[in-house]
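What follows is one structure encoded as structure tokens, with my remarks underneath.
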Protein chains: 2
Amino acid sequence: MQDIITDKEREEKQSELVEIMGRISCRGGGTALSGRILGLLSFLDQEEFTFEEIVDRLKISKSSVSTTLNHLMESDKIEYITYPGDRKRYFRIKVNTPKTFIQSLRKYIERFEKVNRAALDLKKDRNSRSAKNIQAMLKSLTFWKAQMDEYEKEFNIDEL
Amino acid sequence: MQDIITDKEREEKQSELVEIMGRISCRGGGTALSGRILGLLSFLDQEEFTFEEIVDRLKISKSSVSTTLNHLMESDKIEYITYPGDRKRYFRIKVNTPKTFIQSLRKYIERFEKVNRAALDLKKDRNSRSAKNIQAMLKSLTFWKAQMDEYEKEFNIDEL
DNA sequence: TAGTCAGTTCGGAAATAATAGAACCAAACA
DNA sequence: TGTTTGGTTCTATTATTTCCGAACTGACTA
């Protein structure tokens, strides 16, 4: 049964989700603030927000918005567009963020793998408990890297 | 060509890796200290370490070691064993840690999925740019959850 | 040329997290 | 009974992160 919901109610609920995103984003490598900005650009019905709108709606300082927007652009999570005769930048989420998400995870995994491989090479006894554990770990890391390749193949959306 | 390496050199290199683990572990949800403890228990040739040995080797305070060891045990990364007539606890890494690693990731993904699904439900226009982006995201989250199931099946080592 | 607009940059305050220090405690033991 | 061993717990201290305010900048505009 579909509830009838007013636009105002809808927006309130959306704003709640924005706050939740802020909370989630702390884990997942981001600040509360970057999470809320991502939520705003993603969850509201409005598709593009100016700098000022973001400041007003989220009630965060211009400086924080400025630095956070730049981080989010650097990490390819958002982008902005402009309109002729309008100085403002209109920010919006960049489509298909998940790919970049995986890329940073891959980097982490690769680093981890490297250290563990080095540690294994230094082991006196490769059949020791801890050496075997490292081997098991490396095996599963290999699994995940393969899965990532799979993923990139499957979701390989055309880059801009 | 295999290099000949003395035990001393080996241990030095292993200790270096322990420090690197400390650095890596910051990302990956842990403290530098917990990373170093994991490295110590995992990378050295010695398989079991007492509380005191950890304190001495890593030069961190008893209190920090105590709390960190307890965290690591809670999150199933390490365990200890005892020997009759010896009060000391002998700490060692718990085999097959990777599984628990995936479990925490899964929890995060599920939370993220939930918020995004809620946001999608609140969208006025499901064909809007941001709505489509959410849909794409959800699709890839589904992919990863399936991959995790796959992983657990493949690496399903017998629980203690 | 002065003034506004749309931000950026710099310094620091506030909050939070990580680590240490010291006192404490329970079990074993002399 | 007092003392040592093997830790724990509670309270600082220190470091780091996050965020803000205020001053600044460069492009445009009146």
Side-chain angles (χ1 to χ4, degrees), chain A residues 18-41 46 48-75 77-92 104, chain B residues 18-41 46 48-75 77-92 104:
Chain A
V18 168
E19 294 305 312
I20 293 178
M21 263 301 277
R23 262 124 61 194
I24 289 184
S25 133
C26 298
R27 161 90 216 253
T31 89
L33 221 145
S34 67
R36 297 204 297 154
I37 289 183
L38 284 177
L40 185 71
L41 302 194
Q46 184 177 338
E48 296 159 6
F49 292 79
T50 66
F51 187 95
E52 245 205 313
E53 282 175 325
I54 295 171
V55 169
D56 291 347
R57 296 203 56 130
L58 297 182
K59 288 171 194 1
I60 42 191
S61 69
K62 276 168 69 174
S63 59
S64 300
V65 170
S66 174
T67 46
T68 307
L69 283 177
N70 288 330
H71 283 152
L72 289 174
M73 286 196 292
E74 236 172 275
S75 52
K77 298 224 169 68
I78 64 171
E79 63 188 358
Y80 69 87
I81 49 172
T82 49
Y83 293 101
D86 187 348
R87 265 216 283 163
K88 284 177 194 160
R89 297 186 290 179
Y90 291 81
F91 294 94
R92 59 183 194 185
S104 77
Chain B
V18 168
E19 293 306 311
I20 294 178
M21 261 301 277
R23 262 123 62 194
I24 289 184
S25 134
C26 298
R27 161 93 215 250
T31 88
L33 221 146
S34 66
R36 297 206 296 155
I37 289 182
L38 284 177
L40 185 71
L41 301 194
Q46 183 177 338
E48 295 160 6
F49 291 80
T50 66
F51 187 94
E52 244 203 313
E53 282 176 323
I54 297 171
V55 169
D56 291 348
R57 296 202 57 128
L58 298 182
K59 288 172 193 2
I60 41 189
S61 67
K62 275 168 72 175
S63 60
S64 299
V65 171
S66 175
T67 46
T68 307
L69 283 178
N70 288 331
H71 283 152
L72 289 174
M73 287 196 291
E74 234 173 279
S75 52
K77 299 223 168 67
I78 65 171
E79 63 188 358
Y80 70 86
I81 49 172
T82 49
Y83 294 101
D86 187 347
R87 264 218 282 163
K88 284 177 194 160
R89 297 185 292 178
Y90 291 81
F91 294 94
R92 60 183 193 185
S104 77

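Keep in mind it's a predicted model, so treat the numbers as computed, not measured. Numbered from 1 within each chain, the chains take letters A, B, ... in sequence-line order.
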Item to check | Presence of T31(A) side-chain N/O under 4.0 Å of dC19(D) phosphate oxygens OP1/OP2 | outcome: yes
Checklist entry - Can you check whether T67(B) has a side-chain N or O nearer than 4.0 Å to OP1 or OP2 of dT8(D)? => result no
Next on the checklist: Just so I know, are the side chains of I54(B) and L69(B) near enough to count as touching, which here means a heavy-atom distance under 4.5 Å?
Outcome noted: yes
Checklist entry - Should we count OH of Y80(B) as having more than 12 external heavy atoms under 6.0 Å? => result no
Checklist entry - On a plain distance test, is the side chain of S63(B) in donor-acceptor contact with the base of dA20(C) below 3.5 Å? => result yes
Checklist entry - Rounded to the Å, how far apart are I37(A) CD1 and dT18(D) P? => result 14 Å
Checklist entry - Is the phosphate of dC19(D), meaning OP1 or OP2, less than 4.0 Å from a side-chain N or O of S64(A)? => result no
Checklist entry - To the nearest angstrom, how far is I54(A) atom CD1 from dT8(C) atom P? => result 11 Å
Checklist entry - Can you tell me how far C1' of dT8(C) sits from CG of N70(A), to the nearest Å? => result 8 Å
Checklist entry - Can you find a donor-acceptor N/O pair under 3.5 angstrom joining the side chain of R87(A) to the base of dC5(C)? => result yes
Checklist entry - How many angstroms lie between atom OG of S61(B) and atom CG of L33(B), to the nearest 0.5 angstrom? => result 7.5 Å
Next on the checklist: I'd like to know whether CD of E52(B) has more than 12 heavy-atom contacts from other residues, nucleotides or ligands below 6.0 angstrom.
Outcome noted: no
Checklist entry - Where do K62(A) and F51(A) come nearest, in terms of heavy atoms and distance? => result O-CZ, 3.3 Å
Checklist entry - Given dG7(C), dC20(D), dT8(D), which nucleotide is nearest the side-chain atoms of L33(A)? => result dC20(D)
Checklist entry - Going by modelled atom types, is there a donor-acceptor pair between the base of dG21(C) and the side chain of S61(B) at under 3.5 Å? => result no
Checklist outcome for this item: D86(A) atom CG is separated from dA6(C) atom P, nearest whole Å, by 8 Å
Checklist entry - Once you round it to whole Å, what is the distance between C1' of dT4(D) and CZ of F51(B)? => result 16 Å
Checklist entry - Between dG6(D) and K88(B), is there an OP1 or OP2 to side-chain N/O distance shorter than 4.0 Å? => result yes
Checklist entry - Taking only side-chain nitrogens and oxygens of R89(A), does any of them come within less than 4.0 Å of OP1 or OP2 of dT8(C)? => result yes
Item to check | Rounded distance (Å) that lies between atom P of dT18(D) and atom CZ of R36(A) | outcome: 14 Å
Next on the checklist: I need the CG-C1' distance between D56(A) and dA6(C), as an integer number of Å.
Outcome noted: 13 Å
Item to check | Whole-Å gap separating P (dG21(D)) and NZ (K59(A)) | outcome: 13 Å
